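The next block holds one structure in the form of structure tokens; read it before the comments.
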Amino acid sequence: MAYEIKDMIIDDGFDGEESVTAAFSQNNKDYSITFNKSDLEVINTWVFEDETSLPANLSDNLIESIREDVKKRI
């Protein structure tokens with residue numbers, strides 16, 4: 001389950017709610033996951049393939065691990 005968070009953006013204007021988006025890579029693929037900043041619930045996940053973004057199906061364990069990393073960084 002090795003991954004690397006490459007970038008993190010805190011956005012205070014998304015639908016009137018603050019959100020946190022983490023861009024990360026795993027297994028030579030690039031992903032993005034956006035959390036609601038207040039409770040770190042997942043808003044959306046994307047995988048970037050062939051210059052296209054598609055909804056990503058991430059495991060609960062991976063999401064929880066990234067959530068903990070994001071929590072430490074904000």
Side-chain angles (χ1 to χ4, degrees):
M1 187 173 56
Y3 63 89
E4 176 189 359
I5 293 180
K6 295 182 170 193
D7 195 16
M8 209 168 85
I9 300 167
I10 298 174
D11 184 356
D12 57 5
F14 181 76
D15 252 358
E17 300 266 339
E18 288 187 322
S19 63
V20 179
T21 300
F24 68 98
S25 61
Q26 182 188 39
N27 299 330
N28 298 318
K29 289 187 179 180
D30 293 320
Y31 296 87
S32 170
I33 184 168
T34 302
F35 298 99
N36 182 316
K37 186 179 177 194
S38 64
D39 57 9
L40 292 180
E41 286 300 312
V42 174
I43 295 173
N44 60 44
T45 58
W46 299 99
V47 59
F48 302 100
E49 295 180 359
D50 301 322
E51 300 178 25
T52 303
S53 57
L54 303 166
N57 186 14
L58 304 175
S59 73
D60 291 342
N61 289 340
L62 179 59
I63 291 171
E64 189 57 36
S65 182
I66 294 170
R67 181 181 285 126
E68 289 302 314
D69 279 355
V70 167
K71 193 183 298 185
K72 291 175 189 171
R73 294 177 188 215
I74 58 175

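Bear in mind that the values here come from a model prediction, so they are computed numbers and not experimental data. If you read the sequence from its start, that first residue is 1, and numbering goes on from there.
Take Thr45 and apply the side-chain hydrogen bond (donor to acceptor under 3.5 Å, both in side chains) test, not counting sequence neighbours, and it matches no residue.
Side-chain atoms of Thr34 and Asn44 form a donor-acceptor pair, as typed in the model, at a separation below 3.5 Å.
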Donor-acceptor pairs under 3.5 Å, side chain of residues 66-74 to any protein atom, not counting sequence neighbours: which ones?
| from | atom 1 | to | atom 2 | distance (Å) |
| --- | --- | --- | --- | --- |
| Arg67 | NE | Leu40 | O | 2.7 |
| Arg67 | NH1 | Glu64 | OE1 | 2.6 |
| Arg67 | NH2 | Leu40 | O | 3.2 |
| Glu68 | OE2 | Lys71 | NZ | 3.4 |
| Asp69 | OD2 | Tyr3 | OH | 2.5 |

Please list every donor-acceptor pair under 3.5 Å in which a side-chain atom of residues 50-59 meets a protein atom from a residue at least two apart or in another chain.
| from | atom 1 | to | atom 2 | distance (Å) |
| --- | --- | --- | --- | --- |
| Thr52 | OG1 | Asp50 | O | 3.3 |
| Ser59 | OG | Leu62 | N | 3.1 |

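From Met8, atom CE reaches atom CD1 of Ile33 across 12.0 Å, with rounding to the nearest 0.5 Å.
Listed by first and then second residue, the salt bridge (Lys or Arg N to Asp or Glu O under 4.0 Å) pairs that reach into residues 26-37 are Lys6-Asp30, Glu18-Lys37, Lys29-Glu49, sequence neighbours excluded. Sorted by first and then second residue, the pairs that involve residues 25-62 and meet ring pair (Phe, Tyr, Trp, His ring centres under 6.0 Å), not counting sequence neighbours, are Phe24-Tyr31.
By the 4.5 Å heavy-atom criterion applied to side chains, Thr21 and Asp11 are not counted as neighbours.
Ile43 and Ile9 fall into different hydrophobic clusters, defined by Ile, Leu, Val, Met, Phe, Trp and Tyr side-chain heavy atoms under 4.5 Å apart, directly or through other members.
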